[in-house]
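This report concerns only the one structure given below.
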Amino acid sequence: MPMAFRRSLACLAAVFYLLLCSCAPQGADASAAAQKFSGTFYGAFDTVISLIGYTEKEETFNAAFAETQEIFMHYHRIYDAYNAYDGINNLYAVNHSAGTGPVAAEPELIDLLLYMKELQPLLLGRVNIALGAVLSCWHEYREAGQAVPPVEQLQALAEHCSYDDVIINEEAGTVFFADPYLQLDLGAVAKGYACERAAQALLNGPMPSFIISAGGNVRCGLSPLDGRLHWGVGIQDPIAPSFLNQIMETLYTHDMSVVTSGDYQRYYEVNGVRYHHIIDPDTLFPSGFMHSVTVLTQDSALADALSTCFFLLPYEEGRVLADSMEGVEVYWVLNDGSVYFTAGMGPLLRSQGASSLR
Ligand code: ADP
Ligand code: MG
C-alpha cells in the first residue's frame, strides 16, 4: 500500500475512533440544549484534522469549524518547508534565502523560532529545529523509498545544524543563517503550535467544549456537554498494523493536549528494515529506543516538542526528565511492548479504572 494512502487511512481511522469515543454514555445530561457536531478537513500539516464540539446551534459550530480550519491553514502556509505562497515570508522562503543575508519572516514564524530557542535547554539537544539539512536528506530518501542515505553524507550535513547560527532579529522581523548550508525543519513542533493557537481561539469563543484531532496531536477543550467530565483519547497500539489503528489504552482528560510520537506514523522499509522519521541527532539515524511515546500536558506546542524529545531519549533518561516536570505526564511503549507511565498518568487511564465521568 502506498505510504500516503496508508497514512490517510490511519488518520481516518483515528477520526472515526474519536467520533466513537465522543458518543455520550448514559448518565446525567448536564446541558440538554447542547448538541454534538463534528467536521473534518484535509490540507494542513499533511494530515486529516477533525473537530468535535458541543454547542446549542449548528451555526456556532460551523463558524468555529471555519475558524479552526482557517487557523490551521494559515499556520500551515507559514511553516511549510516545501512550498512558496504569494506574499508570505514562510519557512520555505527563509530556508531558501537566509543563508545569503537577513530575510523577512512572518511574525508567526519568528514567534515559533523564539519559542524553540526558549525550549532548547529543556529538550536536552534531542530536538533541534536546525537539523533541517540532515532531515531533508532523510526525507528525499524516504520519498524515493529505495535506499538509506550514506553515513558520510549525513555526517557532512550534520556540520551545518547549529541553532546558534540562526540569527533572529525580532525588531526587524528577519532571520539570517550564519551558516549558509543551514536549514530549518519545524516538523517536530509546528502542528502542535498551530493546534494550540486554534484551541485558544475556540476556548475564547462561543464553543469552548471541543476536541481537535490532528494526526497524533489531540487538544481537548472544556468537558463535553453531555454529562461527561472528560473526553476519551485513544492511545494507538504501535505494534498492530498501523492501518488497523488499534487502540491499546484510553486516556480521560479535558482542557489538555495528548500528543504521540511513534515509529509507525511515517516510515519506509529497505531490505526489510524499517526507517522512521524521527532522527537521533547523535547517530543521525532513526532512533531505536521505543515504539511510541505519548505526552499529556496543557499546551499543545509543548506536548508536541516533548513527545519528539521523549521519543529520542532512552526510557530511563526520559523518566527522570518527565518526573522533574510539573504538569507533564508521559506514557511509553518500549520496543518489547512493555508499557511505562508516570505517576500522574495512571489515574487517567481506562486500564487503571478511570472513566469519562469522574
Ligand atoms: P509527527 O510529525 O508524525 O506528528 P513528531 O512531532 O514527533 O511526529 O515530529 C517528527 C518530525 O520532526 C519529523 O518529520 C521531522 O520533520 C522532525 N524531526 C525529526 N527528528 C528531529 C530532531 N531530532 N530534531 C528536530 N526535528 C526532528
Ligand atoms: Mg512532536
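These values consider heavy atoms only, across backbone and side chains, with no hydrogens, waters or symmetry-generated copies.
The two residues Asp46 and Arg266 make their nearest non-hydrogen contact at OD2-NH1, 3.3 Å. Across Pro208 and Phe210, no two heavy atoms sit closer than the pair O-CD2, 3.2 Å. The two residues Leu186 and Tyr79 come nearest to each other via the heavy atoms CD1-CD2, 3.8 Å. Closest of all the heavy-atom pairs between Thr55 and Pro206 is OG1-O, 4.4 Å. The two atoms that bring Leu123 and Ala305 nearest to each other are CD2-O, 4.0 Å, heavy atoms only. Summarising the geometry of Ile49 relative to Ala214, their closest heavy-atom pair is CG1-CB, 3.9 Å, with the distance given to 0.1 Å.
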For Met345 and Val330: C-alpha separation, side-chain torsions, deciding distance, then whether side chain to side chain contact (heavy atoms under 4.5 Å, CB included) applies. CA-CA 7 Å; Met345 179 68 94; Val330 186; 5.5 Å; no

Side chain to side chain contact (heavy atoms under 4.5 Å, CB included) evaluation trace for His160 with Val134: CA-CA 9 Å; His160 306 286; Val134 168; over 6 Å; no

Salt bridge (Lys or Arg N to Asp or Glu O under 4.0 Å) for Asp282 and Arg126? Distances and angles first, verdict last. CA-CA 9 Å; Asp282 294 331; Arg126 302 295 84 200; 3.0 Å; yes

Test side chain to side chain contact (heavy atoms under 4.5 Å, CB included) on His291 and Tyr264; report intermediate values, then the result. CA-CA 7 Å; His291 281 308; Tyr264 57 89; 5.7 Å; no

Test side chain to side chain contact (heavy atoms under 4.5 Å, CB included) applied to Val103 and Phe177, step by step: CA-CA 9 Å; Val103 287; Phe177 299 159; over 6 Å; no

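In this structure, Glu329 contributes its side chain and Gly344 its backbone to a donor-acceptor pair below 3.5 Å. Of the possible polar contacts, none joining the Ser307 side chain to the Val295 backbone as a donor-acceptor pair under 3.5 Å is found. The closest donor-acceptor contact from the side chain of Lys117 to the backbone of Ile168 lies at 3.5 Å or more, if one exists at all. No donor-acceptor distance shorter than 3.5 angstrom exists from the side chain of Ser338 to the backbone of Leu334, with no hydrogens or angles considered. Panel note: side chain Glu249, backbone Ser351; a donor-acceptor pair is recorded below 3.5 Å. Without hydrogens or angle criteria, His230 side chain to Leu357 main chain gives no donor-acceptor distance under 3.5 Å. Within the 3.5 Å criterion, the main-chain N or O of Gly288 finds a donor-acceptor partner in the side chain of Asn335. In this structure, Asn128 contributes its side chain and Cys161 its backbone to a donor-acceptor pair below 3.5 Å. The main-chain N or O of Leu229 is found under 3.5 Å from a side-chain atom of His254 such that the two form a donor-acceptor pair. Panel note: side chain Tyr268, backbone Ala147; a donor-acceptor pair is recorded below 3.5 Å.
Looking only at side-chain heavy atoms (C-beta outward), Trp138 and Leu154 come within less than 4.5 Å of each other. In this structure, Leu109 and Val175 have side chains that are not in contact, with every pair of non-hydrogen atoms separated by 4.5 Å or more. Using a 4.5 Å cut-off on side-chain heavy atoms (C-beta onward), Leu222 and Tyr54 make no contact. Residues Ser324 and Leu321 meet the side-chain proximity criterion, which asks for heavy atoms closer than 4.5 Å. At a threshold of 4.5 Å between non-hydrogen side-chain atoms, the residues Asn271 and Val148 do not count as touching. Counting heavy atoms from C-beta on, the side chains of Lys57 and Met207 never come closer than 4.5 Å. Between Tyr141 and Pro150 the shortest side-chain heavy-atom distance falls below 4.5 Å. Within the 4.5 Å cutoff, the side chain of Met116 has heavy atoms near those of the Val189 side chain.
The distance from the CD atom of Gln265 to the OG1 atom of Thr47 is 9.0 Å, given to the nearest 0.5 Å. Separating the CD1 atom in Ile278 from the OG atom in Ser287 is a distance of 6.5 Å, to the nearest 0.5 Å. Summarising the geometry, atom OG belonging to Ser209 is positioned 8.5 Å from atom CZ belonging to Arg228; distances are rounded to the nearest 0.5 Å. Between atom CD1 of residue Ile52 and atom OG1 of residue Thr40 there is a gap of 8.0 Å, rounded to the nearest 0.5 Å. Between the OG atom of Ser292 and the CH2 atom of Trp332 there is a distance of 11.5 Å, given to the nearest 0.5 Å. Distance OG/Ser97 to OH/Tyr92: 9.0 Å, rounded to 0.5 Å.
Centroid-to-centroid, the aromatic rings of Phe45 and Tyr75 stay 6.0 Å apart or farther.
Val259 and Leu124 fall into different hydrophobic clusters, defined by Ile, Leu, Val, Met, Phe, Trp and Tyr side-chain heavy atoms under 4.5 Å apart, directly or through other members. At a threshold of 4.5 Å between side-chain heavy atoms, the hydrophobic network of Ile, Leu, Val, Met, Phe, Trp and Tyr places Tyr82 and Leu112 in two separate groups. In this structure, Met248 is a member of the same hydrophobic cluster as Val233, with clusters built from ILVMFWY side-chain heavy atoms closer than 4.5 Å. Both Ile110 and Ile71 are part of a single hydrophobic cluster, where members link through side-chain heavy atoms under 4.5 Å apart. Under a hydrophobic clustering in which Ile, Leu, Val, Met, Phe, Trp and Tyr are joined whenever their side-chain heavy atoms come within less than 4.5 Å, directly or via other members, Val339 and Leu251 fall into the same cluster.
Within a 6.0 Å sphere centred on OH of Tyr315, other residues, nucleotides and ligands contribute more than 12 heavy atoms. Atom CD of Gln153 has more than 12 neighbouring heavy atoms from other residues, nucleotides or ligands inside a 6.0 Å radius. More than 12 heavy atoms of other residues, nucleotides or ligands shown are found within 6.0 angstrom of CD on Gln352.
Under the 3.5 Å distance criterion, with hydrogens and angles disregarded, no donor-acceptor pair is assigned to the side chains of Tyr85 and Asn90. In this model, a donor atom of one side chain and an acceptor atom of the other lie less than 3.5 Å apart for Thr260 and Thr294. With 3.5 Å as the limit, one finds a donor-acceptor pair spanning the side chains of Gln298 and Asp255.
Evaluated for a side-chain contact (heavy atoms from CB on, under 4.5 Å) with Leu91, the options Asp80, Ile129, Leu113, Leu184 yield exactly one hit, Leu184.
In this structure, Arg197 satisfies the cation-pi test against Tyr193, with its NZ or CZ atom closer than 6.0 Å to the six-membered ring centre and inside 45 degrees of the ring normal.
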